[in-house]
Amino acid sequence: MWQLHCFPLCPFSRKVRLALSEKGVAFELVRENPWEGSDAFYALNPAGRTPVLRDPGKPLTLIDSQAICEFFEETVDKAPLILGTAAQRAEIRRLVSLFDEQFFGEVTHPLLHERMKKRLILRTPPDSKLLRETMRLAHEHLDYIDWLIDNRRWLAGAQLTLADFAAAAQISVADYLGGIDWSGHDEAHGWYRVMKSRPSFRPLLVEKMEGIPAPAGYSDPNS
Ligand SMILES: N[C@@H](CCC(=O)N[C@@H](CS)C(=O)NCC(=O)O)C(=O)O
């Protein structure tokens, strides 16, 4: 069976978990804290990052969430997530990259550093000024999702796609770390509630990162 090396609050691993579940691909989780830099993990991925997906029964190791999602898009027919015309597929990939790169860089990564790494590893308090700026940037991203959902059924158009899962994966981690305030974002909040209620989302929402409690409502699809 496929083994996904990841930790509970890795947004890229969450994106892969959602895509694999939607496609009905079986996998098990192998816990990996990339910041511990174990030799065994570096041997798997010299970049030292999660997610890494491998099947111990095959000489195949897949690295990078987008490479992994594209691999299964090409090899599994069920539940296509990068679909439509070439222009529609380009729009899906644009949005995936927006959330993987910009949302992660401006929101998820600072939250992981301030509220997870500082607490669990560095043992220093979070920088409140930086957290305020992160919340401001999160509001800008939620404004954009509001606009997309005002104009489209799903983020990239008429169909549920990898763009929705990439965005929801980042938001779920930011939400766990207390970085999401839905006030003034009814459209984005409604879309996220629908994403949260999918069976593929359930295992993510019940999983906890040790030492970091999730806020009230985090795992409730109606909240
Ligand atoms: N582009 C990569 C990004 C992967 C990435 O940045 N992973 C982070 C965890 S969220 C990581 O392993 N960072 C190393 C560390 O925290 O030491 C992907 O999509 O898989």
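All ligand and atom numbering here is 1-based and tracks the order in the structure. Keep in mind that this is a model prediction, so the values were computed, not measured. By convention here, the first residue in the shown sequence is residue 1.
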**Study point:** Flag if over 12 foreign heavy atoms under 6.0 Å of CG, D39
**Key:** no
Check your understanding: Is a side-chain donor-acceptor pair under 3.5 Å present for K15 with Q170?
Key -> no
Check your understanding: Is it true that E73 and R89 have a side-chain N and a carboxylate O under 4.0 angstrom from each other?
Key -> no
Practice item. Of all the heavy-atom pairs spanning L111 and T134, show the shortest one and how long it is. Key: CG-CG2, 3.8 Å
Check your understanding: When the ring planes of F103 and F99 are compared, do they come out parallel, tilted or perpendicular, using 30° and 60° as the limits?
Key -> tilted
Exercise for review: Among R115, M116, E114, find the one that has a side chain to side chain contact (heavy atoms under 4.5 Å, CB included) with L112.
Suggested key: M116
Practice item. Would you check whether K117 has a nitrogen or oxygen atom less than 3.5 angstrom from a nitrogen or oxygen atom of ligand 1? Key: yes
Review point. Is the shortest distance from a heavy atom of D64 to ligand 1 less than 4.0 Å?
Key: yes
**Study point:** Distance filter under 4.0 Å to P51 heavy atoms, resulting ligand 1 atoms
**Key:** 20 (O)
Revision key, fill the gap. Looking only at protein heavy atoms, what sits closest to atom 13 (N) of ligand 1 is R49 CG, 4.0 Å
Point to revise | ligand 1 atoms in contact with P11 (distance to a heavy atom under 4.0 Å) | key: 10 (S)
Review point. Which atoms of ligand 1 sit under 4.0 Å from any heavy atom of C10?
Key: 9 (C), 10 (S)
Practice item. With atom 4 (C) of ligand 1 as the reference point, say which of N33, T50, N45 has the nearest heavy atom. Key: T50
Review point. For ligand 1, is there an N or O atom under 3.5 Å from any N or O atom of Q66?
Key: no
Check your understanding: Tell me, which protein residue and heavy-atom name are nearest atom 19 (O) of ligand 1, and how many Å apart are they?
Key -> S65 OG, 2.6 Å
Check your understanding: Is the shortest distance from a Lys or Arg side-chain nitrogen in E140 or R136 to a carboxylate oxygen in the other one below 4.0 Å?
Key -> yes
